[in-house]
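Here the structure comes first, spelled out in C-alpha cells, and everything after it is commentary.
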Amino acid sequence: MADALAYLRQRQENGGFNELMGLRVNHIRQGYAEIELPAKPDNLNPLGNAHGGAIFALCDVAAGTAAASYGRVGVTLNASINYLRPGKQGKNLIAKTREIKVGRTTAVYGVT
C-alpha cells in the first residue's frame with residue numbers, strides 16, 4: 001500500500017493541471033489527503049485574495065486524491081462550496097479531507 005500511495009503522490013504533483021496550479025500533497029493515507037496550494041500571484045483575484053476557482057480546484061483535487069487512495073479511478077459527480085473567508089495573499093491554502101461515506105461505486109468527502 002505504501003508504494004501505491006507514493007505513486008499516487010508523484011502522479012498528483014507531476015503533470016497536468018495539478019502541476020500547473022502548483023498543488024502539493026502534504027499527507028496521504030487510505031481515505032485521507034491533505035493538499036496545499038501555494039500563495040502566488042497567479043492564484044489571486046483582482047482584490048488580491050485567493051481566486052475562488054483556485055480554492056475550488058484545491059478542494060476538488062483533495063477529495064479526488066483521498067478517493068484515489070483506494071486504488072480506484074474516479075471523477076467528481078457533484079460538488080458545492082461555501083467560502084467562509086478569503087484566502088489572503090502570501091498564505092498557502094491547505095485542504096484536508098474528511099471521509100463521509102465510501103460505497104461500492106461512489107464516495108463522499110468533506111473538505112475543509
Inter-residue atom distance [X].[atom1] - [Y].[atom2], 0.5 Å rounding:
{"X": "Leu93", "Y": "Lys88", "atom1": "CG", "atom2": "NZ", "value": "11.5 Å"}
{"X": "Ile81", "Y": "Ile55", "atom1": "CD1", "atom2": "CD1", "value": "6.5 Å"}
{"X": "Tyr32", "Y": "Lys96", "atom1": "OH", "atom2": "NZ", "value": "5.0 Å"}
{"X": "Met21", "Y": "Leu58", "atom1": "CE", "atom2": "CG", "value": "7.5 Å"}
{"X": "Gln89", "Y": "Leu47", "atom1": "CD", "atom2": "CG", "value": "11.5 Å"}

Counting only N and O atoms by type, is there a donor-acceptor contact under 3.5 Å from the side chain of Asn92 to the main-chain atoms of Ala39? yes
N/O donor-acceptor pair under 3.5 Å between Thr65 side chain and Ala33 backbone: no
Heavy-atom pair with the smallest gap, counting every atom of Ala79 and Phe56: CB-CZ, 3.6 Å
Testing the basics here: between Arg24 and Pro38, what is the closest heavy-atom pair and its distance to 0.1 Å? NH1-CG, 3.4 Å
Identify whether Tyr83 and Val61 are in the same connected component of the hydrophobic contact network (ILVMFWY, side-chain heavy atoms under 4.5 Å). yes
Cluster check Leu77, Val102: I/L/V/M/F/W/Y, side chain < 4.5 angstrom: no
For Ala62, give me all partners under side chain to side chain contact (heavy atoms under 4.5 Å, CB included), at least two apart in sequence or on another chain. Ile35, Ala95, Thr97, Val111
Which pairs, with at least one residue in residues 48-63 and sequence neighbours excluded, count as a side-chain hydrogen bond (donor to acceptor under 3.5 Å, both in side chains)? Asp60-Thr76
Using the side-chain hydrogen bond (donor to acceptor under 3.5 Å, both in side chains) rule, collect all pairs that involve residues 101-112, keeping only residues at least two apart or in two chains. Glu99-Tyr109
